[in-house]
**Q** 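Before I ask anything, let me first share the structure, which is written out below as structure tokens.
This is a predicted model, so every value here is computed, not measured.
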Amino acid sequence: MAATKTRTSSFSRSFSGASSPQIPGLKHGPNGTMFVSSGIPDLDSGGFALGSLVMVMEDAEAPHHMLLLRNFMSQGLVHNQPLLYASAAKDPRQFLGTLPSPAVPKDEKSSHRDPDQEKGLRIAWQYKKYFGENQQGFDSQNGKHEFCNNFDLRKPLERQFLTGKRIDCASILDSPNLVTLYDRCATFLSQFPRSDSNISCVGRIAIQSFCAPQCGYSSLEWDMLSFLRSLKSMLRSSNAVAVVTFPPSLLSSSSSTRWQHMADTLLSVKAIPDEDKELAMLLTGYQDMVGLLNVQKVAQINTQVPVILEATTFSIKLQKRRFLVLECLNQAPIDGSSGSSYGTSGSCSGSSKTGYLDF
């Protein structure tokens, strides 16, 4: 996850002498935990723990959860990881056409310049022969680029990432129960059994709007909770990660609390009003924000030591209307006209000093 500080005990297993995983999109973590990429660079200082259940709480006002789900699915396809996608759509496979394409790094663009444009270069021309080979080797050895890509939301995923891939799509529209979805998940996860040997492949499961009213089982809250418990149990013994989005407003308060407790990693998204003057004065870069992401829970696998997050709330921004960016919230600077900070007007201590935040 983003900006985490993990406390490890003196008995933690060391991987310094172990060989790194050969498959892309997988890296070692503390306490013998493996991580896969979420598809969002700002969220992938740690990633999603292998064998964990990630749940995203949707916002009824805006579909910001789709940004997280699309990047998660695209990242798996770019890494050639099998995918199971389920939604309440009549033809879920059409959703694959909306997945974003990985952006070309700037270094790679510069290494593929037109030779005719480089005729005018006369300084250090003897080093041109080193540009291509060294740049290619740097990109292949850079773990950040291999583990997580930056996706262009305006460019659809190329056909080469979709054809010949192991992609399974399931429709939960008008499903009277969860038997079919459970069987599809069980069959899919049986392809990635967890063992002590090297990991050969990693699977991904993406379920959109699990308790959508279009599903016939949407009123069976206990059955849905039982499915999540079974899915979490199957993930523990598999080399796979599942991301499930759900609208908590459609559940009862008790069921929503149970679902949140069932998740290993719990995220929530919230839309920002278009014209909120108080929030605009409080936060910097408010005009560029499209929503908020709150990290409510982080997976703790193979350890009882909690993960300490430097920040739990992030602003969701679309950089150049193309790239998904998460940034920590920052308070607006001091108002120069009044000479007082926006945070000191509501001070509990009632101090008249300016430039300091009192709590």
Side-chain angles (χ1 to χ4, degrees), residues 1 31-36 38 47-58 65 68-69 72-73 76 82-88 92 168 170-173 175-195 202-268 294-304 306-307:
M1 299 302 297
N31 305 311
T33 307
M34 306 296 293
F35 291 91
V36 298
S38 65
F48 292 154
L50 193 65
S52 64
L53 174 62
V54 182
M55 302 191 69
V56 181
M57 301 172 62
E58 304 176 5
H65 63 280
L68 307 181
L69 195 65
F72 173 78
M73 296 172 61
L83 172 67
L84 171 61
Y85 170 66
S87 70
D168 189 10
S171 175
I172 54 178
L173 180 65
S175 298
N177 51 55
L178 292 163
V179 177
T180 303
L181 182 59
Y182 175 83
D183 293 340
R184 298 287 288 272
C185 292
T187 303
F188 180 80
L189 293 176
S190 63
Q191 307 174 33
F192 319 101
R194 176 168 297 190
S195 61
V202 174
R204 298 192 179 212
I205 296 179
I207 302 178
Q208 175 188 346
S209 301
F210 179 55
C211 59
Q214 295 88 346
C215 304
Y217 59 79
S218 59
S219 59
L220 306 177
E221 294 187 352
W222 284 106
D223 291 351
M224 291 187 290
L225 180 63
S226 178
F227 170 83
L228 293 176
R229 185 185 299 110
S230 301
L231 178 61
K232 183 177 180 179
S233 177
M234 290 187 294
L235 288 170
R236 281 293 190 273
S237 58
S238 305
N239 292 322
V241 177
V243 173
V244 180
T245 68
F246 70 97
S249 59
L250 301 180
L251 299 173
S252 62
S253 178
S254 58
S255 296
S256 178
T257 302
R258 292 187 179 96
W259 285 34
Q260 297 175 38
H261 178 73
M262 189 65 61
D264 293 313
T265 298
L266 181 63
L267 308 175
S268 63
N294 187 24
V295 182
Q296 300 189 10
K297 188 178 179 182
V298 179
Q300 301 179 22
I301 299 179
N302 300 336
T303 181
Q304 295 182 349
V307 178

**Q** Quick one: does R204's side chain get under 4.5 Å of F192's, heavy atoms only?
**A** no
**Q** Supply the atom-to-atom distance L69 CG to Y85 OH, rounded to the nearest 0.5 angstrom.
**A** 6.5 Å
**Q** Would you say the side chain of S209 lies within less than 4.5 Å of the side chain of H65, judging by non-hydrogen atoms?
**A** yes
**Q** Determine yes or no for a side-chain-to-main-chain donor-acceptor pair under 3.5 angstrom, with S190 supplying the side chain and T187 the backbone.
**A** yes
**Q** Which pair of non-hydrogen atoms, one from A88 and one from Q214, has the smallest distance, and what is that distance?
**A** CB-CB, 4.2 Å
**Q** At what distance, to the nearest 0.5 angstrom, does CD1 of I207 lie from CE of M55?
**A** 9.0 Å
**Q** Using the rule side chain to side chain donor-acceptor pair (under 3.5 Å), only one of Q296, Q260, K297 pairs with S268; which is it?
**A** Q296
**Q** Go through S218 and L250 one step at a time and tell me if the side-chain contact (heavy atoms from CB on, under 4.5 Å) criterion holds.
**A** CA-CA 9 Å; S218 59; L250 301 180; over 6 Å; no
**Q** Would you give the length of the straight line joining atom CG of N177 to atom CG of D223, rounded to the nearest 0.5 angstrom?
**A** 8.0 Å
**Q** Check the orientation of F48 and F72. Use parallel for under 30°, tilted for 30 to 60°, and perpendicular for over 60°.
**A** tilted
**Q** Looking at side-chain heavy atoms only, is the closest gap between L267 and N294 below 4.5 Å?
**A** no
**Q** Find out whether S171 and P92 are in side-chain contact, i.e. whether some heavy atom of one side chain is under 4.5 Å from a heavy atom of the other.
**A** yes
**Q** Got M234 and F188 here, is their nearest side-chain heavy-atom distance under 4.5 Å?
**A** no
**Q** Please report the shortest heavy-atom distance between S87 and Q208, naming the atom on each side.
**A** CB-OE1, 3.9 Å
**Q** Report yes if some heavy atom in the side chain of S255 is under 4.5 Å from a heavy atom in the side chain of L225; otherwise report no.
**A** no
**Q** I want to know whether F210 and F227 have ring centres closer than 6.0 Å.
**A** yes
**Q** Apply the test side-chain contact (heavy atoms from CB on, under 4.5 Å) to residues C211 and L251: give CA-CA distance (whole Å), side-chain angles for both, the deciding distance (0.1 Å), then the verdict.
**A** CA-CA 8 Å; C211 59; L251 299 173; 4.1 Å; yes
**Q** Kindly compute the distance separating OG (S226) from CE (M262), expressed to the nearest 0.5 Å.
**A** 9.0 Å
**Q** Checking the side chain of T265 only, and the main-chain atoms of A299 only, is there a donor and an acceptor separated by less than 3.5 Å?
**A** yes
**Q** Considering all heavy atoms of both residues, which atom of L53 and which atom of L228 are nearest to each other, and what is their separation?
**A** CD2-O, 4.1 Å
**Q** Using 0.5 Å steps for rounding, measure from the CZ atom of F246 to the CE atom of M57.
**A** 5.0 Å
**Q** Would you sort out whether L235 and L189 count as a side-chain contact (heavy atoms from CB on, under 4.5 Å), showing the intermediate values?
**A** CA-CA 7 Å; L235 288 170; L189 293 176; 4.0 Å; yes
**Q** For the CZ atom of R236 and the CD1 atom of I301, what is their distance to the nearest 0.5 Å?
**A** 4.5 Å
**Q** So which heavy atom on E221 is nearest to which on W259, and how close?
**A** O-NE1, 4.4 Å
**Q** Show your reasoning for whether side-chain contact (heavy atoms from CB on, under 4.5 Å) applies to T33 and L50.
**A** CA-CA 7 Å; T33 307; L50 193 65; 6.0 Å; no
**Q** What heavy-atom pair brings L231 and A242 nearest, and what distance separates the two atoms?
**A** CD2-CB, 4.3 Å
